[in-house]
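For clarity, every value in this text was computed on a predicted model and none was experimentally measured. Within every chain, numbering begins at 1; the chains are lettered A, B, ... in the order of the sequence lines, protein sequences first and strands thereafter.
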Amino acid sequence: MQEQKHKQVTTAPRLRFAPSPTGFQHIGGYRTALFSWLFARHSGGTFILRIEDTDLSRTVEGAVSYLIEGLKWLGLDYDEGPVVGGPYGPYYQTQRKALYQQYAHQLIVSGHAYRCYCTPERLEQMRKEQEAQKLPPRYDRRCRFLTTEERAALEAAGHSWTVRFAMPLEGETIVHDELHGDITFKNADLDDAVILKSDGYPTYHLANVIDDHLMGITHVLRGEEWIASAPRHVQIYQALGWEPPLFYHLPNVLGKDKKKLSKRHNAPSWDTLQKQGYLPEAVFNFLALLGWAYDDKTEIFSREELIRVFTLDRIGVSGGILDPDKLTWMNGVYIRQLPLEELTRRTLPYLERPAAEGGLPDSVPRPLDFEYTQRVLQLEQERLKTLGEAAQMIDFFYVDELHYDTALLIQKQMDAASTRAALERTREILVALDLWEHSALEEPLRALAATLGLKTGQLFGAIRVAISGRTVSPPLFQTMEVLGRQRTLHRLDQAIARLS
RNA sequence: GGCGCAUUCGUCUAGCGGUCUAGGACACCGCCCUCUCAAGGCGGAGAUCACGGGUUCAAAUCCCGUAUGCGCUACCA
């Protein structure tokens, strides 16, 4: 015990993210990676990516590169792993097959494991019977107690086999979890899990233990669904004569429906968020706060601040629901913090994508003018929640023809005639203006409203619809300034024509 | 069914025995600002700290039950 502590303070932490490439990692999975990454960076340790691809049947083509792209998007760089390599490789478990077999053999020799010849059919039937009798479904350990002769016979008959770990029949196994404390399991409740499959590949239990040990992992952060099999893991460590790492079982992230996050539910994957225009730095910040808190008030953290203040002991244990509204709010905060030039650069691709994907109407020629777009975005920056929604907010700055309901032009207590008159007078004033900028526009138009006996809201409302085709826009005069005199006048003309 | 984990405003959380008539944030509502919408400012509503027992001078905080939710119970991870 003393030694374990000593080891902790003298060794630089090594943490790993060990996903299996069986599908598309949702955002909850990335949170686990984020916590490991943050602690590694906080402590000057190492962050490792290891691919647990031992289930060939579930491995999905392209999942690994998709996963790595996601890490990259979030800025979670890893020190060892696929592509970059490292001193403890290979980092794909399928490439470490011989290693697992070697240790499985060692466990058999030491009496901690045994070959099991039971067929899937027998296991299935056994399970059914147990269920029918309301008994907990468990392997009956038939092959654990085979005589040497029986074993030889089965071997000779060419039966295929798996290797099972021989759990102690009595006593208790204590799993020490840094977040939950000691969790005690009765060994009698645990069955002999398969650690090496008949195809020669290991299951998670074996591969994970061996790799974590061989790769020098000091802190294991993983989902709390692993708590139930953790006693098996500590037994395997013990049987191999190894010291287990520190365990941190993280609470699951739930969907709105309080169910575990899954792709079909409301679990966005990283690229969905990216397509919607969420900034990775906002997602990063948001994810860090899901099950972790620094104090009772701080919410916005830069990456550097997070690295500096992130500690494992402040991880919560209770499991939380992902709140998309809060993510959207936080994204807005980050958008407002962006320098204008950067905002423009990052928004441009969203605007230039095809209309079907959320971009500007296809009639608008690409590429967009940077300077002009920058002026447009300056007006919308504080209104933007996601980059993806920019196109529909600002399309009127780009299109030639406005489409809107003429009735929108007519403000409260006005009619077509008075509106038309007001717009005509507006036009006259604008044509005569020397300087086309918002400060020069405002004064004469306010005066006009007074002259006509209109409230500013009435006059400006009508003009707003005329030039933007909508009732909501950035401040009117700035909008007109960016739009330019020619386009503004043209749109006024069209509005006047509509009212004739 | 068995085993395990969890339980503070609708949601994310602060709280680690007295400072809690429980603090912050999102969402919601109102007011201010105001040419609309935002942003911002101010304020409001919202939690008998799941419930029941203990321990203690004192419990959201410690212990034990109960309930509920979730997880595991595969030759998946």
Side-chain angles (χ1 to χ4, degrees), chain A residues 18-23 52-55 57-58 116 118-120 123-124 127 130-131 133-139 160-164 175 177 179-180 183-186 188-191 193-199 201-205 207-208 222-231 249 251-252 254 256 258-260 286 289-300 316-330 332-333 336 380-385 393 442 445-446 449 455-465 468 470-477 479:
Chain A
S20 58
T22 54
E52 309 219 327
D53 56 352
T54 55
D55 187 353
S57 66
R58 294 208 312 154
C116 171
C118 295
T119 62
L123 295 173
E124 179 59 27
R127 225 170 278 135
Q130 287 167 333
E131 236 164 274
Q133 294 173 59
K134 300 246 176 183
L135 289 168
R138 262 203 287 268
Y139 178 57
S160 71
W161 44 268
T162 62
V163 176
R164 285 182 186 271
V175 174
D177 180 282
L179 264 19
H180 297 275
I183 307 170
T184 306
F185 295 84
K186 286 193 200 55
D189 290 331
L190 276 8
D191 68 354
V194 170
I195 55 174
L196 198 75
K197 298 179 273 187
S198 57
D199 64 3
Y201 283 98
T203 60
Y204 175 93
H205 310 300
N208 192 266
R222 61 185 0 175
E224 66 182 356
E225 67 269 22
W226 291 110
I227 291 178
S229 40
H249 288 97
N252 283 135
L254 281 9
K256 264 262 191 277
K258 296 202 172 201
K259 295 256 168 61
K260 196 179 161 187
F286 179 77
L289 255 28
L290 228 124
W292 179 89
Y294 175 63
D295 58 17
D296 61 346
K297 46 180 74 75
T298 320
E299 303 236 82
I300 304 297
V317 290
S318 58
I321 296 168
L322 186 145
D323 181 2
D325 284 342
K326 189 149 186 176
L327 204 212
T328 302
W329 163 77
M330 191 171 280
V333 171
R336 273 171 253 137
E380 296 284 8
Q381 182 162 22
E382 69 185 24
R383 273 158 265 266
L384 276 180
K385 294 276 197 304
M393 288 173 71
E442 183 158 359
L445 290 180
R446 279 189 185 282
K455 287 182 180 154
T456 49
Q458 291 175 298
L459 209 219
F460 297 173
I463 300 174
R464 183 189 317 284
V465 174
S468 70
R470 56 184 73 192
T471 55
V472 170
S473 82
L476 184 62
F477 308 110
T479 302

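Side chain of A:E225, nearest nucleotide from B:rA25, B:rA77, B:rC35: B:rA77. Of the candidates B:rU36, B:rC12, B:rC75, B:rC12 carries the atom nearest the A:I321 side chain, counting heavy atoms from C-beta on. Taking the side chain of A:P137 as heavy atoms from C-beta on, and the options B:rC75, B:rG71, B:rA74, the nearest nucleotide is B:rA74. Side-chain proximity of A:T162 to B:rC37, B:rC35, B:rC75: nearest is B:rC75.
When the C1' atom of B:rU36 is taken as reference, atom CG of A:L459 falls 14 Å away, rounded to whole Å. At whole-Å resolution of the value, CG in A:D325 and P in B:rA27 are 7 Å apart. When rounded to the nearest whole Å, the span between NE2 of A:H180 and P of B:rC72 equals 14 Å. Whole-Å rounding puts the A:I227 CD1 to B:rG71 P distance at 13 Å. For A:L290 and B:rU13, the CG to P distance is 6 Å, given to the nearest whole Å. As a whole-Å value, the separation of A:F185 CZ from B:rC3 C1' is 7 Å. Between the CH2 atom of A:W226 and the P atom of B:rU73 there is a distance of 8 Å, given to the nearest Å.
Backbone-only contact: A:S20 has heavy atoms under 4.0 Å from sugar-phosphate atoms and none from a base. Across all strands shown, A:C116 has no heavy atoms under 4.0 Å from either base or sugar-phosphate atoms. Looking at heavy-atom distances under 4.0 Å, A:P19 makes no contact with the nucleic acid at all. Within the nucleic acid shown, A:L476 comes within 4.0 Å of at least one base atom, counting heavy atoms only.
Within the structure, a side-chain polar atom (N or O) of A:T54 is placed less than 4.0 Å from OP1 or OP2 of B:rA77. For B:rU36, neither phosphate oxygen OP1 nor OP2 lies less than 4.0 angstrom from any side-chain nitrogen or oxygen of A:R470. Put simply, A:R164 has a side-chain N or O that comes within less than 4.0 Å of OP1 or OP2 on B:rC75. Dashed line: the shortest gap from a side-chain N or O of A:H249 to OP1 or OP2 of B:rC5 is not under 4.0 Å. A sub-4.0 Å separation between OP1 or OP2 of B:rA77 and a side-chain N or O of A:K197 is present. Between A:R127 and B:rC75 there is a side-chain polar atom (N or O) within less than 4.0 angstrom of OP1 or OP2. Contact between the side-chain N/O atoms of A:K326 and the OP1/OP2 oxygens of B:rU13 is not found at any separation under 4.0 Å. Within the structure, a side-chain polar atom (N or O) of A:R336 is placed less than 4.0 Å from OP1 or OP2 of B:rG40. Considering only side-chain N and O atoms, A:R138 lies nowhere under 4.0 angstrom from the phosphate OP1 or OP2 of B:rG2.
Environment of NZ in A:K197: crowded, with over 12 heavy atoms of neighbouring residues, nucleotides or ligands closer than 6.0 Å.
Taking atom P on both nucleotides, B:rG10 is separated from B:rU48 by 8 Å, rounded to a whole Å. Nucleotides B:rG54 and B:rA74 are separated by 43 Å at their C1' atoms, to the nearest Å. Nucleotides B:rA27 and B:rG40 are separated by 9 Å at their P atoms, to the nearest Å. Here, B:rU55 and B:rA67 have their P atoms 23 Å apart, quoted to the whole Å. For B:rA59 and B:rC20, the P atoms lie 16 Å apart once the distance is rounded to whole Å.
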*Going through the checks in order, is the side chain to side chain donor-acceptor pair (under 3.5 Å) test met by A:D295 and A:T298?*
CA-CA 6 Å; A:D295 58 17; A:T298 320; 2.7 Å; yes

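Checking B:rC57 for Watson-Crick or G-U wobble geometry (two distances, each under 3.5 Å) identifies B:rG18 as its partner. Pairing for B:rA67 is with B:rU7, a Watson-Crick or G-U wobble pair whose two hydrogen-bonding atom distances lie under 3.5 Å. In this structure B:rU34 sits in no base pair that meets the Watson-Crick or G-U test at under 3.5 Å. Base pairing annotation: B:rA47 forms no Watson-Crick or G-U wobble pair, as no partner gives both donor-acceptor distances under 3.5 Å.
At least one donor-acceptor pair closer than 3.5 Å links the side chain of A:D199 to the backbone N or O of A:Y201. At least one donor-acceptor pair under 3.5 Å links the side chain of A:Q130 to the backbone N or O of A:R138.
The aromatic rings of A:F460 and A:F477 stand perpendicular to each other, their planes meeting at an angle above 60°, with 30° marking the opposite boundary.
For the pair A:V333 and A:R446, nearest-nucleotide mapping onto RNA chain B gives the more 5' position to A:R446.
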